[in-house]
Amino acid sequence: MKTIFEKSKAGKTTQYLPEITKAKNPGRYLPAHLLNQAGADLPEVSELDVVRHYTNLSQKNFSVDTHFYPLGSCTMKYNPKINEALCQLPEFTQAHPYLNQGQVQGCLQIMEELDRYLAEISGMDGFTLLPAAGAHGELTALLMMAAYFKAKGEKREVILVPDSSHGTNPASASMAGFTIKQIKSDSEGNVDLAELEKHLNDNVAGLMLTNPNTLGLFEKQIVKLAGMLHAKGALLYYDGANLNALMGKARPGDMGFDLIHINLHKTFATPHGGGGAGSGPVGAKGELVKYLPYPRVAKAGETYHFFNPEKTIGKIKAFYGNFLVLVRAHVYIRALGGEGLKEASEIAVLSANYLKEKLKAYYDLPYPRTCMHEFVLSAGNLKKLGVKALDVAKSLLDHGIHPPTIYFPLIVPEALMIEPTETENLETLDEFAQIMIEIAQKAQTNPEEITHAPQNTWVKRIDEVRAARELCLKG
Ligand SMILES: *Cc1c(COP(=O)(O)O)cnc(C)c1O
């Protein structure tokens, strides 16, 4: 497909409005030396060309709205359209961040309520809604940790991460100036407490943990683990990108976590995956609440107002975060209610276990335990046939299914990490299972078909190394 620049033809336009493109006296507003003499290098196409170009491009997209998308750890659930309808109300989209507080009381109310809802759901004492994504939330919380220990006069330089952790964890810790030490998992996929004991000392600031972890498994000894860290004066950080398994069932705050980020764009239903606006609020407990970034919102009588936490680390995002994502999360929480959120988590976990049971006879299941919202298979059993996890993923594309996350977590060779979410019906789950089974069977009878997939897509098998080294965006 041609780019819009390649479709350009000199002089081609659509003109049904009077020509006003050349202002009579542009120098009226700007001094001549600031005016662009050469003209803008824009494609010259008709309005209909523009509409067709972008409509066609949009239809080549793969999305939750078009296809099943079981991309592990990404929670690609259906995002209810009511979220979009409400967050597009002009009262929200046109609320200028410089308006004074009295003029945007409704917006402040949304923020104050969302802060409380998240605290209730997660068992934390207070939140900042500013961080723009999960990784940004991690960085925020780590900067809070650093400020907290500095205020206590303690020098702690190390952050511990399990070997199953999401790559953003060590990256954020490093960015916040910490040194990273990795903790091995035990044979059941949990943090190995003996290993943890070995690494725990007065130089450890904290441990970053996902629970359920990236294997989709619940840390069985979480309370003991939290006790071990606290006994050494260290903090426990919860990577809550994957809160989808726990809503209304268990709360990180009750498990002993001190700081948490929640990916609103995953669990609380904002379209994501294209790098668009996200939100990763950070929650804190006890003393740590005082270190949250500013501003937060409080209610006094009937009015809402901004305030700065006592020992705030400062500002980590312009204005008030990605406000429209906050509106979507607020709408989602209100629409589902407490019972609805609980049911969402129950179905998410049930769906993952249903698929795990259907597929375990055809793929390796390295940790055969009840899983939470996702599970990790291994295509290791197909490797001797010349078929890799990558081939299984490419083959799914031929069937109109987005592949699971592959080769992550790193501790599972040929990993296929599957997260169906609660919003897929039984029919879709069964269809997916059937296709996965057929792929495993075809690996025995006709492996070439799998290793040469995809055949039905716009782009066939690509050389991924070359794509990264010789970046070409022309398509
Ligand atoms: C998605 C995810 C993150 C990062 O979130 P972003 O919003 O993409 O920055 C961190 N940890 C886990 C476990 C995740 O699944």
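Start at 1 and go down the list; that is how both ligands and their atoms are numbered.
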**Prompt:** Would Glu112 and Arg116 pass as an ion pair if we require N to O under 4.0 Å?
**Reply:** yes
**atom 11 (N) of ligand 1 touched by protein heavy atom at under 4.0 Å** = yes
**Prompt:** Relative to the heavy atoms of Ala133, which atoms of ligand 1 are at a distance of less than 4.0 Å?
**Reply:** 7 (O), 9 (O)
**Message:** Students should be able to answer this: which protein heavy-atom is nearest to atom 4 (C) of ligand 1, and at what distance?
**Reply:** His166 CE1, 3.9 Å
**Prompt:** Closest non-hydrogen protein atom to atom 5 (O) of ligand 1, residue and atom name please, with distance?
**Reply:** Asn263 ND2, 3.0 Å
**Message:** I'd like to know if Glu422 pairs up with Lys77 as an ion pair, taking the criterion as any Lys NZ or Arg NE/NH1/NH2 lying under 4.0 Å from an Asp or Glu carboxylate oxygen.
**Reply:** yes
**Fill in**
Taking only non-hydrogen atoms of Asn242 and a 4.0 Å limit, the atoms of ligand 1 in range are 13 (C), 15 (O)
**Item:** atom 13 (C) of ligand 1: nearest protein contact (heavy atom, Å)
**Value:** Asp239 OD2, 3.4 Å
**Asked** Hey, is Lys266 close enough to Glu374 for a salt bridge, meaning N to O under 4.0 Å?
**Response** no
**Prompt:** Does any N/O atom on Thr214 come nearer than 3.5 Å to any N/O atom on ligand 1?
**Reply:** no
**Request:** Show your working on salt bridge (charged side-chain N to carboxylate O under 4.0 Å, His left out) between Arg461 and Asp391 and close with a plain yes or no.
**Result:** CA-CA 10 Å; Arg461 187 70 71 112; Asp391 302 315; 3.0 Å; yes
**Message:** Evaluate Ser73 for polar contact with ligand 1, using N/O atom pairs at a separation under 3.5 Å.
**Reply:** yes
**Prompt:** Is the closest side-chain heavy-atom distance between Val376 and Cys371 below 4.5 Å?
**Reply:** no
**Prompt:** Given the rule in the side-chain hydrogen bond (donor to acceptor under 3.5 Å, both in side chains) test, do Asn203 and Glu157 qualify, once you have shown the distances and angles that lead to the verdict?
**Reply:** CA-CA 6 Å; Asn203 199 20; Glu157 298 159 318; 3.1 Å; yes
**Prompt:** Can you tell me the protein heavy atom closest to atom 1 (C) of ligand 1 and the distance?
**Reply:** Lys266 NZ, 1.4 Å
**Asked** Should Glu310 and Tyr291 be marked as a side-chain hydrogen bond (donor to acceptor under 3.5 Å, both in side chains) after you check the CA-CA gap, both sets of side-chain angles, and the distance that decides it?
**Response** CA-CA 7 Å; Glu310 205 180 310; Tyr291 292 85; over 6 Å; no
**Prompt:** With sequence neighbours left out, what residues match Tyr78 under side-chain hydrogen bond (donor to acceptor under 3.5 Å, both in side chains)?
**Reply:** none
**Prompt:** What's the shortest distance from atom 6 (P) of ligand 1 to any protein heavy atom, and which residue and atom give it?
**Reply:** Gly134 N, 3.5 Å
**Contact (N/O only, under 3.5 Å) between Cys74 and ligand 1** = no
**Asked** Under a heavy-atom criterion of less than 4.0 Å, does His136 contact ligand 1?
**Response** no
**Message:** Counting only heavy atoms closer than 4.0 Å, does ligand 1 sit against the backbone of Ala135, its side chain, both, or neither?
**Reply:** both
**Request:** Evaluate the side-chain proximity of Ser73 to Met417: yes if any heavy-atom separation is below 4.5 Å, no if none is.
**Result:** yes
**Prompt:** Hey, which atoms in ligand 1 end up nearer than 4.0 Å to a heavy atom of Glu138?
**Reply:** 10 (C), 11 (N)
